[in-house]
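The next block holds one structure in the form of structure tokens; read it before the comments.
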Amino acid sequence: QVQLVESGGGLVQPGGSLRLSCAASGSIYSIDTMAWYRQAPGTERDLVAGITSGGSTNYADSVKGRFTISRDNAKNTVYLQMNSLKPEDTAVYYCNAFIRSVRTTTRNYWGQGTQVTVSS
């Protein structure tokens, strides 16, 4: 079974940094776009950053210049480096990816989420 597992969340002070990781595992044939979303209580789940298989990236306006998304295809892993964190960045961060398993067509997958809390 294909799975996405996030790690790296935690409590950090405003202005601090965290790096999130998301590793895909299972019977994977290929991974297309990978992305990070976030959701705070009472809000919709919004796209934070995305990266294509070719390395093209895009970011939400609220995180441009502060966050960097990257991927290691050999490890089936996507990262989100978060710098200059603000209280409004507090949310559960979810990994998302389009993955084709060995015997199926491409499907979209979500990780379980990791909590990021930015507070003094």
Side-chain angles (χ1 to χ4, degrees):
Q1 297 180 356
V2 173
Q3 296 183 90
L4 295 175
V5 179
E6 302 100 331
S7 62
L11 175 65
V12 65
Q13 295 183 6
S17 298
L18 285 174
R19 190 178 78 152
L20 305 183
S21 299
C22 172
S25 62
S27 299
I28 298 171
Y29 179 79
S30 63
I31 302 177
D32 297 315
T33 299
M34 304 185 81
W36 288 96
Y37 288 73
R38 67 186 182 187
Q39 185 171 25
T43 70
E44 297 182 349
R45 187 174 299 184
D46 295 325
L47 176 68
V48 176
I51 183 167
T52 68
S53 60
S56 180
T57 61
N58 67 289
Y59 299 90
D61 288 340
S62 59
V63 306
K64 286 182 178 178
R66 300 188 298 121
F67 291 10
T68 302
I69 188 171
S70 62
R71 63 192 289 169
D72 186 335
N73 292 330
K75 297 181 179 180
N76 290 333
T77 300
V78 63
Y79 306 94
L80 185 68
Q81 178 66 48
M82 304 184 294
N83 298 326
S84 301
L85 284 162
K86 304 174 181 179
E88 49 263 46
D89 295 319
T90 296
V92 177
Y93 284 70
Y94 296 91
C95 179
N96 180 271
F98 286 90
I99 301 173
R100 180 184 176 182
S101 57
V102 174
R103 296 187 177 183
T104 65
T105 57
T106 299
R107 296 179 179 179
N108 190 247
Y109 295 86
W110 289 97
Q112 81 286 355
T114 185
Q115 177 71 48
V116 172
T117 302
V118 184
S119 176
S120 298

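Within the structure, the salt bridge (charged side-chain N to carboxylate O under 4.0 Å, His left out) test picks out no pair touching residues 93-113 (sequence neighbours left out). The disulfide bond (SG atoms under 2.5 Å apart) pairs that include a residue from residues 33-120 are Cys22-Cys95, where partners are two or more places apart or lie in different chains. Among residues at least two apart or in separate chains, ring pair (Phe, Tyr, Trp, His ring centres under 6.0 Å) pairs with a member in residues 99-120 are Tyr37-Trp110. Among residues at least two apart or in separate chains, there is no disulfide bond (SG atoms under 2.5 Å apart) pair with a member in residues 37-71. Sorted by first and then second residue, the pairs that involve residues 82-99 and meet salt bridge (charged side-chain N to carboxylate O under 4.0 Å, His left out), not counting sequence neighbours, are Arg38-Asp89, Arg66-Asp89. Among residue pairs with one or both ends in residues 47-69, none qualify as ring pair (Phe, Tyr, Trp, His ring centres under 6.0 Å); sequence neighbours excluded.
With sequence neighbours excluded, the residues satisfying side chain to side chain donor-acceptor pair (under 3.5 Å) with Asn108 are Asn96. For Val12, the side-chain contact (heavy atoms from CB on, under 4.5 Å) partners at least two apart in sequence or on another chain are Leu18, Leu85, Val118. Looking at residues two or more places apart in sequence or on another chain, you find a side chain to side chain donor-acceptor pair (under 3.5 Å) between Thr117 and Gln115. Remark: Thr104 engages Ser101 in a side chain to side chain donor-acceptor pair (under 3.5 Å) (not counting sequence neighbours).
The heavy-atom pair separating Ser120 from Pro14 by the smallest distance is OG-CD, 3.5 Å. Closest approach of Met34 to Ala97, counting heavy atoms only: CG-CB, 4.1 Å. The shortest non-hydrogen separation linking Ala24 to Leu4 is CB-CD2, 3.5 Å.
Side-chain atoms of Gln1 do not come within 3.5 Å of backbone N or O of Gly26 as any donor-acceptor pair.
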Solution key, residues 42-49 side-chain donor-acceptor pairs under 3.5 Å, sequence neighbours excluded:
from: Thr43; atom 1: OG1; to: Ala40; atom 2: N; distance (Å): 3.0
from: Thr43; atom 1: OG1; to: Ala40; atom 2: O; distance (Å): 2.6
from: Arg45; atom 1: NE; to: Gln39; atom 2: OE1; distance (Å): 3.3
from: Arg45; atom 1: NH2; to: Gln39; atom 2: OE1; distance (Å): 3.4

With a 3.5 Å cut-off and sequence neighbours excluded, list the donor-acceptor pairs that the side chains of residues 72-82 form with protein atoms.
from: Asp72; atom 1: OD1; to: Ala74; atom 2: N; distance (Å): 3.1
from: Asp72; atom 1: OD1; to: Lys75; atom 2: N; distance (Å): 3.4
from: Asn73; atom 1: OD1; to: Arg71; atom 2: NE; distance (Å): 2.7
from: Asn73; atom 1: OD1; to: Arg71; atom 2: NH2; distance (Å): 3.3
from: Thr77; atom 1: OG1; to: Lys75; atom 2: O; distance (Å): 2.9
from: Gln81; atom 1: NE2; to: Asn83; atom 2: OD1; distance (Å): 3.0

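By the rule that hydrophobic residues join a cluster once side-chain heavy atoms approach within less than 4.5 Å of another member, Ile51 and Tyr94 end up as members of separate clusters.
In this structure, CD1 on Ile31 lies 10.5 Å from OG1 on Thr106, to the nearest 0.5 angstrom. To the nearest 0.5 Å, the span separating CD1 on Ile99 from CD1 on Ile28 amounts to 5.0 Å.
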